[in-house]
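Below is one structure, written out as structure tokens; the observations come after it.
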Amino acid sequence: MRREVPLVLTAVVGLTMIISHFIPPLNILKDLFEDWFFIIAAFAIYLGVLNLLRVNADKIYKKQADAPFGLVVIFGFLVITIPGLFFSGGRSFSDPGTPFYYLYIHVYYPLSATMFALLAFFVASASYRAFRARSVEATMLLVAAFILMLGRVPIGDWITAWLPQGYRLGEWADWIMDFPQTAGQKAIMIGIALGVVSSALRVILGLERAYMGGE
Amino acid sequence: MSGEVVGVWIGAILTLGIFSFLYKDNPFYKFSEALFVGVSAGYWFVVTFWQYFLPKLIDNLVLAYTLLTVEGKIDYHWVYVLGGGLGVLMLLRLLPSVGWLSRWSLAFIVGTTAGLQFTRYLESNGIIQVKGTILPLIVGGNLNTTIGNIVIVVGTFCGLIYFFFSKEHKGAFGGAARVGVWFLMITFGALFGYTVMSRMSLLIGRMDFLFSNWLGLIG
Amino acid sequence: MVKKDMNKARHIFFESKSTVLFLIFLFVLLFLFTSSSIIAEETSEVEGEAPVAVEAPPASPTNVSAKDIPNDKGGAVTISWEKSADDGAGANNVTGYEILRSTTRDQGFEHIGGTAPGATMFSDSDTRNKVRYFYTIRALSPFGISESLPSNPAFSKVQWFNFGRLTLFLLAVIIGFAIFYFISKAKAGKELYIRKIAGLEAVDDAVGRATEMGRKIFFIPGIMDMDSMQTIAGVTILGRVAKLAAEYEAKLEVPVSRSLVMVTCRETVKEAYLNAGRPDAYNDNMVYYLTDDQFGYAAALGGLFIRERPAVVFLQGQFYAESLILAETANLVGAIQIAGTAMPSQLPFFVAACDYTLIGEELFAASAYLSKDPKLLGSLKGQDVGKFIFLLVILVGVVFLTLNSVLGLNLPNLATIF
Amino acid sequence: MNQENRQEEKSFWEKLLAIDRRIIFLFIVVAVALPLFFKVSMRIPVTPVAQGTYEAIESLQPGSKVLASFDYDPGSMPELQPMAEAFFRHCFRNDLKVIIMGLWPQGPLQANIALEEVFQDKDVKAKNLQYGIDYVNLGFTAGNEVVIDRMGHSFEESYPKDGYGTPIGEIPLMRGVRNYDNVDLIFSLSAGYPGTQEWVQYGVDVFHVKLAAGNTAVQAPGMYPYVQTGQLSGVLGGMKGGAEYETLLGIPGRAVRYMFSQAVAHAVICLFIIIGNLAFFASKKRKRS
């Protein structure tokens, strides 16, 4: 039961999804499975949330050093869920003017945007301390990156203003993007496509079962 | 003070809280980070409740129930009980003794993803990209297109050769693979540049928020 | 090692003549079938002309035709027409079209939808299968309406196979067959050759160096859960690294960000230590959970790297924006870094900051390469068959088109057939 | 720290390498913030792919319907919001009808934020645009790429009501819009999954719709192959793409204003890489000798 049921389930569901792509009348099964997928995915999110709350409640209960921050996590969770579930007009909870919308714009957005903005600083320090032209390949990478970074902003054209129109850095950047970059992306895409196909097949056939926890 | 103004102040304080990490790890940052973790969990909780859980599960079950009580017929929508059941099994992972049951739901998720991706990737990333690589190497009277086509065909071809696993990279084959690596490196360079661009844009956005929306220094 | 007999191994792919013949046969079939099922459709572009104000109803649309939409589960008909002479030309006063439907030719037409001016197509996706329908189109204008003649009768029906996807189907069958074939071949004890992967050759040395220096090895299996193929590949690689670590008596640590990944990694590492004959050296604390949060995880790992100054850091799995923070910190403490991911946007940072990087598909190959599991090796071979077919199509297609362009020949364009 | 016997004084290069990273951070703050205070008019070079997106919209006849899928969240606002605003300005200027939808829960909200901004314009105000006639916001529907697939058969199946609860049958703009056959262009603004790639795979490849896109800079390079094969008309990449769009449109907005900061920041990063590498190789050489 522990092993067989999941394996059979994966195989049946996976094959149905593939076959229904070719047999139009089977679309109804595909649609149903997709709906179930979203129901289960919602529960997976709840699982994550419950886990998070449990870990933080634990911190507070055991009076660990970072217990106050555990409290902040739970506070943050409640501060948005209570208005979102009960005081924001039900299904139109995300319309402008609701409390949920207000929290979204003034709390969630600044926090998430700033978290990602931090990366700008880390890119800077990594480019200073870690990105080395350690091999021919890495050098090619860095040179291409240079042309792109400078060519995509007016500086590139300004530095190469002495070259005739059509041969300036901006145009190099366009050329790199349109041709060698496109070719490289294609190779990666086709490779990944085959990788996905073969992995998907292994999973469906039950040859790859690490996702269930150990062989 | 209007709600809007208070909101901008809250946003600005939290923004500075996260940025304070750049100086060093400190309680102000830890507070903002903990708040972020809590708020984003709550955000997703609310969104999934209203937009997945309710319409996909509850609405279908209510429909089935209404049909049963009003018209007395057993409707197809009852199958959603099964979907809901698989969802509930997912939560059992929290209980160590029956946690293994959550594998059933995981198996369903993995199965659907594998099945959907199998055909999609083969078609859109495989077949269509291959079709798009079938280009004439010489286009009369148009040097730019000629060079561009050659670059695309050679690059894609050699890049794929690099990913060949069952043949050793030596001789002409190895040479082609090496050319393939060069193309990959140029691609990564481009991605690198674009990623830097993206991160800088986000920072500009935050800076602009602090200086214009909050402090009103920029008109 | 894997490649004891290189010559023999190299021939595996081409060795069995019947396989090759079968593949070629399928290939030919593929061309024949698809070439017959291609329908090219053209939509006309509209040029705006200076309007001539005439206060009369517009010319009526013409040539209304209806047909079943191919390759669907039924329940839909597509209607096309030629636009009114006053749409985009003439009086240029058509404001839209109205579509009407009836089950008889002469009467009972009902409104079922409308379109903007310039449109020449509409799909009626509300038909009953095997019921005959007639359609008429009305051109609307401020000065009145005019109706077309009724269309031919059309009915929708269920198709049991989507012929538009035949190429895809055949390709899926061929690749699936190839993967099966090589897996069974490998299971039967045939040794399959997989080329060297530079990053993996370095694993032994790196683990050895960690032992010499008396410093730790960190293994990071990405930030995603077990439903990601990349995490699964990362965990398989971990199994191999753990076995080496057990043999060399190096200290291994695996901080993870998902509880399920933790459970899986524990089982994997435990088994590896058992296989290396050192079950006593294993304990559960080698694999531990930090946090689910992306940046929280990155920050915690950064702290660990700085404090422990590991000799080797493995970054194998699915990474997002945190990749560069990890790579930079590990670089800072002078660790050897062996990275691998199939995330194109993170690869540049790994290539620029790490000593070795497994690129995309190589990550998946690595797990097969290291595990030497015949099933995995076999499926890699199958993938290569897919690549071989794609390369062949590109090669032949490009040659045909180039010859056409240079010598003015008239060879078929594979891009429209494939 | 690592106390080796090599106590001899560090070379200039080694000191430079060991610089406190907060100094690097400070450089970035200055490089990004300072230019914001200057109004420098820069000539924005336009890429062919951005031109492609612009042309796809520009070539539509007045009255044509554009389906705009907003698939991003506030995290990508600085990159995508300028495009969203320029897109609405473009559509309203050319009298195109816009149908807004979202595969991300936050997407339709972002559209509303952009609309609010655009409605401040004098030209747009003068048009006296009406909800339900000139534009409509269908809101969000869960289901990722599956939504795209189902909309190919019927919009109503995925969006029985608009974002405000009105049945779409009662909305004048939606009358006669059954599926992709009845819209003239799809515009996808996206920051990840689901997004432009899914629109290509499930929309273009299956239903043969015409698609143009605006993406974050991280995502944009991955879209070039689709532009090359013609699956995609064009793509705007990141804040720069927004600036190009504004330039093409002749209405310079925020993205154009930000470009000076962007340019300085890029230059600083390039300098960092050069100095870092010089220092690295110089100190390595010294160690060896």
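Values in this document were obtained by computation on a predicted structure and should not be read as measured data. First the proteins, then the strands, lettered A, B, ... as listed; each starts at 1.
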- Query: Does the side chain of Val47(B) reach to within under 4.5 Å of the side chain of Gln106(D), using non-hydrogen atoms?
  - Reply: no
In short, Gln231(D) meets Ser124(B) closest at the heavy-atom pair NE2-O, 4.4 Å
Any Gln262(D) side-chain heavy atom under 4.5 Å of Ile204(B) side chain: yes
- Take the angle between the ring planes of Tyr224(D) and Tyr194(B) and call it parallel below 30°, perpendicular above 60°, tilted in between. perpendicular
So do Val218(D) and Arg199(B) actually touch side chain to side chain, heavy atoms under 4.5 Å? yes
Taking side chain as C-beta onward, heavy atoms only, is Met197(B) less than 4.5 Å from Met239(D)?
no
Q.
For Tyr180(D), is the OH atom crowded, meaning more than 12 foreign heavy atoms sit under 6.0 Å from it?
A. yes
Q: Decide, yes or no, whether a salt bridge links Arg257(D) with Asp208(B) under the criterion of side-chain N to carboxylate O below 4.0 Å.
A: yes
Under 4.5 Å to a heavy atom of chain B? For Ser76(D) that would be backbone
When the 4.5 angstrom heavy-atom criterion is applied to Glu145(D) and chain B, the contacting part is side chain
Closest non-hydrogen contact found for Met200(B) with Val32(D) is SD-CG2, 4.4 Å
Can you confirm whether Trp44(B) sits close enough to Pro105(D) that some side-chain heavy atom of one is under 4.5 Å from a side-chain heavy atom of the other?
yes
Flag side-chain contact, heavy atom, 4.5 Å: Met207(B) against Val29(D): yes
Check your understanding: Going by distance alone, is a donor N or O of one side chain under 3.5 Å from an acceptor N or O of the other, for Asn125(B) and Tyr226(D)?
Key -> yes
